[in-house]
Each structure stands twice: as C-alpha cells, then as structure tokens.
J.: 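One structure coming up, written as structure tokens, with questions to follow.
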Amino acid sequence: MMNNNDLKKQIGMYVHIPFCIQKCRYCDFLSAPADKLTRQKYIKALIEEIRRAPVLLGDEYVMKSVFFGGGTPSAIDAQMIAEVLRELLIHFKEIIAKDEYGNSCMEISIECNPGTVTKEKLEIYKSAGFNRISFGLQSANDHELKEIGRIHSWKDFLDGYGLTRSVGFDNINVDLMFGLPGQTVESWKSTLESVCALKPSHISAYSLILEEGTSLASQIEKEEDSGIYRLPDEETEREMYYYVCRYLDSQGYEQYEISNFAMPNRKSLHNLSYWECREYLGFGIGAASNFKDMRYKNTSSLQKYINLEFDEKEELEHLSENDRMSEFVFLGLRKTGDGISKAEFEERFGVKFDDIFGDVAKKYIDEQMLSENNGRIALTRRGIDVSNVIMADFILDKNFT
Amino acid sequence: MGKINQKNIRNFCIIAHIDHGKSTLADRIIEKTGLLTQREMQDQILDNMDLERERGITIKAQTVRIVYHAQNGEEYIFNLIDTPGHVDFNYEVSRSLAACDGAILVVDAAQGIEAQTLANVYMALDHDLDVFPVINKIDLPSADPQRVIDEIEDVIGIEAQDAPRISAKNGINIEEVLEQIVKKIPAPTGDPDAPLKALIFDSLYDAYKGVIVFCRIKEGTVRKGTHIKMMATGADMDVVEVGYFGAGQFIPCDELSAGMVGYITASIKNVKDTAVGDTITDVDNPCDEPLPGYKKVNPMVYCGLYPADGAKYGDLRDALEKLQLNDAALQFEPETSIALGFGFRCGFLGLLHLDVIQERLEREYNLDLVTTAPGVVYRVHKTNGDVIELTNPSNLPSPSEIDFMEEPVVSAEIMVTTEFVGPIMKLCQERRGVYIGMEYMEETRALLKYELPLNEIIYDFFDALKSRSRGYASFDYELKGYVPSKLVKLDILINKEEVDALSFIVFEESAAERGRKMCEKLKNEIPRQLFEIPIQAAIGSKVIARETVKALRKDVLAKCYGGDISRKKKLLEKQKEGKKRMRQIGNVEIPQKAFMSVLKLDDE
C-alpha cells in the first residue's frame with residue numbers, strides 16, 4: 001500500500017529528554033540533572049504517552065521526521081532512547097514516510113553532547129534507526145566553552161565526532177555559537193575553520209541570546225554594572241554573523257535559515273517543518289505541539305508527567321485564520337533563501353497574499369529589507385539584521401476578518 | 001431657625017501660604033461648631049475632589065455655613081468661604097475675598113511669612129477685609145510663635161500680639177479662633193429692602209439643578225421666583241430655588257437677604273452665563289450699577305490636547321464639555337495637527353490648571369492624551385496694522401508680515417532666605433527677569449521682586465526655584481501686561497519633515513540653546529529605526545541644531561523552533577502593539593511622550 005503521496009499532511013514528532021549532566025550557563029530550556037530512578041520513571045511515562053497518541057491521527061498524515069531533543073538525550077542510557085524510538089516507530093508505523101522503493105525515508109535525529117557519546121551508545125542509536133546526529137559543540141575554543149559552562153572540550157568533540165563517523169553516521173550537525181563573552185572575530189574564524197575541516201553535513205550558528213534568569217545573564221549583568229563589558233559589541237557581533245554566512249557559503253554550505261547552513265540535500269527536515277508551519281506532536285514534559293490549528297505544551301511538571309497526567313496542557317492556543325497567516329509569514333521568512341511563496345499562501349488560505357500583506361510587503365521591498373523573485377518573498381541581508389521589526393509588521397490582529 | 005439677624009452673621013475666609021494649614025483649620029472650625037460629628041469628618045471636608053485632597057490644594061472655592069454658640073450666649077451664623085490656593089486661580093481668590101467681610105490669616109509658627117502669605121494679605125486688605133492672624137503648628141519642635149508674631153507686625157503691619165496660638169492638626173485653641181471670629185470680623189452691612197445686588201463668587205454644574213450659583217447678597221433680597229439678571233453677561237432667568245450650604249449639601253431656604261451667603265438655581269444650562277465676579281440684580285427692581293472688580297477671565301497658557309487613540313476624539317470633546325460646565329476658565333476649540341490628527345487647542349489659567357484638567361481627563365474620563373508644549377498668548381502686530389492674539393505657534397504669520405511681537409510679563413515676588421538670594425537672582429536673570437527690588441523681611445529673609453516673561457516661568461520655574469533654594473523659596477506672581485520682545489518660532493524637523501506639534505515660540509537669544517536641548521531630548525525619546533533619522537531644530541529655513549538617531553543595527557531572533565513559536569509570536573505582537581501607540585510622521589515612528597519632551601528641557 002503506497003499511500004505516501006503528496007496529498008497527505010506531513011507531521012513531525014518531537015521527543016523531549018529533560019535531563020543533562022550539568023546545566024549550561026546560558027540554557028533556559030526545561031532540563032536538569034536527575035537520578036536513575038527518575039529517568040526510568042520518565043521513560044516509562046514517555047512510552048505511555050506515545051502509546052496513547054496514535055488515536056489522535058487519522059490516516060491523512062505522513063510522518064517525515066523524528067527529533068530527540070533536550071536537555072541532553074545522549075546523557076541517559078542509550079537503551080532507553082532506543083526503546084522510546086522503537087515505540088514511536090511501532091505505533092506510527094502506518095504513516096512512516098517511504099521512498100519510491102518502499103524504504104523508510106524519515107529523518108530521525110538525536111541531540112548529543114560531545115562529552116557524553118561512546119561507541120556503544122552510537123551503535124545502539126544507529127541500530128535503533130537514528131540517521132542524524134546533532135552535536136552541541138558551540139565553540140572550538142576551550143576557554144570559551146568553559147566560560148559558558150559546557151562540560152566538554154574541543155578534544156572531546158573531536159573524539160565523539162570521529163566515533164560517529166566510524167559507526168557510519170553521515171548526516172551530522174554541529175551547533176555553534178557566536179557573540180560569546182570574550183570571543184573575538186579571530187577566535188570565531190578559527191572555530192569555523194576547525195569545524196569545517198571535518199565537513200559536517202550541517203552547521204547551526206546561533207547568536208548568543210542572554211535569557212533572563214540564566215546564570216550567564218546575571219553574571220554579565222553584574223559585570224556590566226561594575227563597568228566590565230566582555231560581550232562583543234553590536235558591530236562586532238554582526239561582523240561575526242556576516243563572516244559565518246560568507247565563510248560557510250565558500251565551503252559549500254547553503255544558508256537556508258537565519259542560523260542554519262547545510263550541504264546539498266542535508267537541510268534539517270524536522271526543523272524546516274517548524275518554519276513551514278507544518279504540524280508536529282511533542283512528547284515529554286514541556287514538549288510543544290502544533291496540531292489541528294492548536295498550539296499547546298505538555299505539562300512542565302515532572303511529577304505530573306510521571307503520573308501520566310498528559311491531558312494537562314499549557315499555553316493552549318487556538319490558531320485563528322489570522323494567526324496562521326501571520327505565522328506563515330514570520331516563520332516562513334526565517335528561511336533566508338526561499339522565503340515564502342505567494343502561491344503557496346493563496347493555496348493554503350484561499351486569499352491572495354497581496355490582498356492581506358501587499359502594502360506592508362511593498363514598503364519593505366522598497367526599503368530593500370525584503371526581496372521578491374518569482375513570486376517568493378525573502379529577507380535581504382540587511383532585512384535579516386532587523387527581521388523582528390519587519391516580522392512584527394506582518395502580525396495580524398487575532399480576529400481581524 | 002428664626003429670622004437671621006444680620007448682626008449675627010460672619011462671612012470670612014481663611015488665607016494662608018500653601019501648607020500652612022488652611023484646610024485643616026477649616027476642618028477644625030466645622031468640627032467644633034458641631035455641624036458634623038467627629039465620625040462624619042473626613043479630613044479636609046472642603047476639598048471635594050480626590051485630586052484636591054491628593055495634592056493638598058484647593059481648586060474650586062467651597063463654602064459652608066455653620067452655627068456657633070458664642071461665649072456671650074448668642075448664636076452666630078458663620079459662612080466660611082474657602083478660597084483656591086494657587087496663583088493660577090488668583091482672580092477666583094479675589095472674587096471669593098470680595099464675598100467676605102473678614103479673613104483669618106494662618107501663619108506657620110515655624111516658617112513664618114511666605115510669599116503667598118503676603119500676596120494673600122495684600123489682596124485681602126485691598127478688598128477692605130478685616131484680617132486677624134492665627135499662629136498655627138505651635139506644637140512643632142521648630143515653632144517660634146513670638147518671632148512669627150513680631151514678624152507679622154513688622155512686615156504686614158497688623159496687630160498680632162493676641163493672635164491665637166493653635167495647632168489645627170491637634171485641635172489646640174480652636175475655641176479662641178471662633179471667639180475672635182465673632183469679635184474681630186465685622187458683621188455684614190447692606191439694606192435688605194434695597195434693589196438686589198449680589199456677587200457671584202463661584203458656580204457649579206449639577207446634572208439635576210443646572211448651574212448652581214454661589215453668591216453673596218450685598219444689597220436687597222432674592223427669593224424663589226425673583227426675575228434676575230446677570231449684569232455683565234446679560235443672561236436673565238427666574239429663580240427656582242435659593243438656599244445655603246450645609247457640609248457637602250445644599251439646604252433650600254425661603255430667601256437670601258443682604259449680608260447672607262448662599263446659592264441660587266434658575267435652570268441655567270451653562271456656567272458661562274454665570275461668570276464669577278458678575279453682579280446679579282432684580283430685573284423688576286434693578287440696582288444702578290454693578291459691583292466693582294468684574295473681569296473676564298482669560299486663559300494665560302495654551303496647549304494642544306490630542307487623544308492618543310484618534311478614535312477617542314469624540315470622547316475627548318464630550319469630556320472637555322463636561323469639565324467646562326464646572327470650569328468657566330477652561331477654553332477649548334478644535335484644531336488639527338499633521339502629526340497628531342484631530343484634537344483641541346485648550347486655554348488654561350496656568351500650568352497647574354492645565355495639569356489638573358489633564359489629570360482629570362485621564363482619570364475621570366479614562367482618556368490617554370498627548371499634550372503639546374504649553375505656550376502663552378503672544379501678541380503679533382502685523383505690518384498691515386492687524387493684531388493677532390497667538391495661541392498656537394503654527395498660526396504665526398510669515399516673518400515678512402510681522403511688524404513686531406509682544407509677550408506677557410508678570411510681576412513676581414519671591415521670598416527666600418538670604419543665603420539663597422544669589423542663586424535665585426541668577427535664576428531670574430537666566431529667565432530674562434528684570435530686577436525691580438529687594439526688601440529684607442528680617443535679617444535672614446528677603447523678598448525679591450522681578451518682572452519675568454510668563455513663558456519663562458510656565459514650564460519648570462517653580463521646580464528650579466525649589467531646587468536652587470533647597471525648597472525654601474516661595475513664589476507668587478500676577479500678570480502685569482505685554483511688552484515688545486524678540487521672538488522666533490522654532491521648528492523641529494524629523495527626517496527632514498517639519499512636525500507641527502513640536503514647534504514653539506521662543507526668545508530669539510534662547511533659541512539656539514533650546515533647539516539644541518530639544519534635539520538631544522528627542523534623540524533619546526525616539527527609538528532607533530530601520531534607517532538613520534536626522535533631528536533638526538530650525539528657525540525658518542536656518543537649521544540651528546542637529547542630532548541623529550542611528551539606524552537600528554540588530555533586532556533578530558537567532559532561534560525559533562517548535563517550542564518557541566508561541567512565545568516569539570507574543571514578542572512580535574507586543575512589538576507591533578508598541579508601534580501602534582506611536583505617531584507616524586512621514587516614515588518615522590515617534591512615541592507619544594516625545595511630544596511632551598519639550599516640557600522637560602531643563603531637567604538636568
């Protein structure tokens with residue numbers, strides 16, 4: 001039964017593993033170290049949540065991607081991870097995307113901390129079905145790593161990366177950060193060169209966001225109160241960004257999102273589904289879902305989650321037509337190469353893009369913040385720098401008709 | 001109560017420098033005479049409006065009638081007329097005084113005589129009131145009643161040795177004040193059978209009764225059905241009700257006759273028909289001439305008031321109309337600004353009046369307002385001989401049509417301890433003050449007299465005065481007249497576009513400095529945008545100051561994945577909301593508060 005056709009709606013699955021060895025100093029995700037018993041109970045609950053989910057889906061979906069994120073999924077027993085993936089593949093077997101030969105063609109990713117991978121773990125992942133490894137490296141400079149509270153060194157990463165290759169993974173992402181305290185354009189260049197020498201298939205390069213309440217943010221604030229400024233200034237930070245865009249382009253990576261770069265055919269399918277406003281289901285505490293015009297999150301209480309209180313949803317929001325049109329634009333514009341397609345907008349919403357956004361789009365095209373080519377609208381280089389200002393102008397009132 | 005004997009009426013007011021305890025004494029008098037039980041007393045009864053209580057100032061005159069059983073065994077009717085306590089309302093004060101026969105002068109036992117004390121006493125004496133002093137706050141550690149008594153005798157020249165030494169706050173010696181009211185304030189005079197002659201000293205709009213006119217009957221008698229006429233405005237009507245003032249209520253009675261203070265209602269729809277200071281007479285038996293001293297009150301300060309949300313224009317108009325029912329001094333007319341849309345040019349007695357109205361609009365009518373820089377009324381003499389009273393800088397004719405311009409000046413009196421005379425004189429000089437003279441009140445205090453242009457004192461003069469004298473200087477002024485002056489219109493250009501709502505008239509020599517400060521201020525108020533924004537100050541086509549708001553460098557979210565989308569969308573929504581509250585000038589977004597920034601040029 002070959003029903004993996006384009007008429008079906010794509011859906012992605014996200015699995016949250018809220019455990020790590022040690023909290024990074026910039027991290028504001030739902031994650032913390034935990035004991036073995038808690039981890040076991042959590043995995044049990046996770047499997048239960050997955051078992052209950054398929055009834056939600058009719059046969060109009062095709063599952064294109066699975067993403068294990070965290071926390072640090074690689075921080076816990078690899079067998080547990082394999083077990084969870086196995087449950088997922090069993091229970092959603094009917095909708096797994098297949099290629100023309102009938103083989104599974106899903107992207108199945110797992111986030112790993114370079115300091116936590118071993119050959120055994122990687123082999124278990126491989127045989128469980130994972131086909132993409134995402135390393136949180138952040139920097140190739142050990143001083144910088146220490147500064148932001150990472151538990152691994154550059155050497156640890158090199159070892160982990162080598163193992164990953166040797167086990168047979170060929171789709172590997174490396175997460176990097178710029179705008180770090182004490183970082184210079186030179187050290188950033190050197191990180192990029194070191195990483196590119198390994199030729200990972202995908203690189204994410206994020207500008208550091210100081211999230212309120214993180215230990216890094218409060219340290220920086222305290223320092224600045226006493227007149228010490230170690231963060232690169234705005235100008236330098238932008239220079240780092242422009243550099244990574246230029247450099248990765250020269251190394252054969254295509255920039256397809258504000259912070260994401262991929263070798264040909266190696267874009268992250270799972271992450272693209274967010275920017276293309278496709279549906280996804282989140283499993284695990286605090287995991288977000290976008291499903292049947294609703295956005296919601298699972299409970300963020302570990303206790304409740306372990307007690308199988310899956311119906312306890314947070315931040316539940318019904319998306320009006322206007323919400324979905326706004327999201328289509330502001331998420332779609334994150335795709336720096338492709339941007340958004342006017343035709344696709346019309347197909348989705350049954351109304352012409354220009355009837356809704358013509359004026360504001362024109363304004364920014366005139367100001368060269370947006371570009372329009374063959375019915376697609378995308379951010380320009382300058383537009384990326386100030387994209388929030390532009391995107392905010394595409395937010396419609398919730399109930400405007 | 002039987003027929004009231006004119007001999008047993010006392011009409012008086014209390015005058016004092018701000019904070020010397022006028023309202024507190026009024027409360028104690030009311031309490032002592034038993035009009036209200038202590039439980040019913042709410043502090044400062046006469047200050048009706050929340051705003052009055054909060055700010056500790058009296059905005060509208062209030063009046064109350066109380067009955068006092070004196071030690072001589074007789075019963076007296078006291079009409080206590082509370083006067084507004086701020087220089088903005090000087091004319092109202094003078095009309096309230098005209099309704100009285102005497103005044104109690106309250107002086108703080110620690111602070112002694114202040115600028116307003118003097119101004120108020122002189123005004124009371126001008127109205128031929130008998131003034132007797134009361135020394136308040138004798139229980140303060142720093143109180144020095146004898147020094148203050150001597151000062152009153154030396155400086156004002158009124159007998160003060162037997163002045164009651166009281167604490168209004170703690171109810172000490174109030175009885176003595178009441179007795180002195182009987183002994184030292186004369187009974188009213190006037191013939192109840194003469195033609196009616198009554199002074200309007202205030203009015204109030206009531207939704208059921210229409211305008212309630214507060215008046216003092218000088219001659220004759222008024223009762224229900226009397227066909228009355230306002231001599232200055234010409235309005236005439238039949239009296240529906242007369243009565244007197246209980247505490248917070250109106251008590252009808254049969255008639256008001258010479259010497260009495262009370263109210264009249266006559267189905268009057270508009271307070272403008274009942275101007276404060278006007279004389280009421282009987283159409284059928286008119287008096288020869290009106291009481292002296294009436295003048296039309298003209299606003300001294302103008303500004304534009306605009307609803308922050310353009311859709312609220314109608315609401316703003318309704319609210320202004322309602323406020324005007326109770327406040328004849330408030331004037332407004334529609335105007336349009338390119339920057340701010342539809343709004344009103346409003347005239348006020350002074351900056352406090354403006355403040356009060358603005359706050360009442362925001363609080364009582366829930367309006368969000370944008371206020372343009374307040375300005376005074378300039379007189380523009382055109383070359384063709386026409387004279388324009390200019391209230392809106394945008395209406396200034398082109399320079400070639402102007403022969404010369406005049407600006408209003410005030411006579412100001414500043415009381416200050418001698419150590420601060422230097423700094424205060426410097427301040428007055430900076431504000432283009434003309435030194436008139438200085439008198440020493442006693443060794444340590446001096447009264448400085450200056451003539452100052454009104455537009456130099458309407459913004460922040462009072463604050464500057466306080467800060468340069470560590471709070472010790474006090475200040476009073478009255479309008480003196482108009483003098484020729486070198487004035488120019490300063491325009492502000494944002495991204496090369498003139499913003500009409502930011503233009504103001506300024507003394508030529510101060511223009512460069514003001515323009516520079518204005519540009520600096522705006523630079524800080526206007527958020528960085530996608531492009532560089534020049535801010536210029538110009539006189540005509542000549543740019544005299546410039547600042548630049550640099551282009552926004554970076555506003556981008558590095559990450560936006562599944563779990564972030566709701567939160568990031570909220571951030572963008574908030575950003576969009578913030579934008580909505582800004583004013584669009586060309587392609588520049590300007591926050592509302594930038595329009596008020598001209599008010600705070602001398603902060604630093």
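These numbers come from the heavy atoms of this one structure, side chains and all, not from hydrogens, waters or symmetry mates. Proteins come first, then strands; the chains are lettered A, B, ... in the order of their sequence lines, and each starts at number 1.
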J.: With a 4.5 angstrom heavy-atom cut-off, is it the side chain or the backbone of Leu319(A) that approaches chain B, or both, or neither?
T.: side chain

J.: What about Phe394(A) and Phe357(A), are their ring centers closer than 6.0 Å?
T.: yes

J.: Pick one of side chain, backbone, both or neither for Tyr296(A), based on which atoms fall under 4.5 Å of a heavy atom in chain B.
T.: neither

J.: Looking at Ser259(A), Ala392(A), Ser273(A), which one has more heavy-atom pairs under 4.5 Å with chain B than the rest?
T.: Ala392(A)

J.: For Glu317(A), give me all partners under salt bridge (Lys or Arg N to Asp or Glu O under 4.0 Å), at least two apart in sequence or on another chain.
T.: Lys398(A), Lys569(B)

J.: Show me the donor-acceptor pairs within less than 3.5 Å that the side chains of residues 570-578 of chain B make with the rest of the protein, sequence neighbours left out.
T.:
residue	atom	partner	partner atom	Å
Gln575(B)	NE2	Asp555(B)	OD2	2.8
Lys576(B)	NZ	Ile395(A)	O	2.8
Glu577(B)	OE2	Lys580(B)	NZ	3.3

J.: Please tell me whether His270(A) and Tyr561(B) form a close aromatic pair, meaning their ring centres lie under 6.0 Å apart.
T.: no

J.: With respect to chain B, which residue among Arg334(A), Glu315(A), Met391(A), Arg295(A) yields the maximal number of heavy-atom pairs within a distance under 4.5 Å?
T.: Arg334(A)

J.: Would you say the ring centers of Tyr241(A) and Trp188(A) fall short of 6.0 Å from each other?
T.: no

J.: Sort out for me which of Lys363(A), Glu257(A), Glu237(A) touches chain B most, counting heavy-atom pairs under 4.5 Å.
T.: Glu237(A)

J.: So, Asp233(A) versus Thr236(A): side-chain donor-acceptor pair below 3.5 Å or not?
T.: yes

J.: Relative to chain B, which segment of Asp393(A) carries a heavy atom at a distance below 4.5 Å: side chain, backbone, both, or neither?
T.: both

J.: Between Phe67(A), Tyr14(A), Tyr206(A), Tyr280(A), which shows the greatest number of heavy-atom pairs under 4.5 Å with chain B?
T.: Tyr206(A)

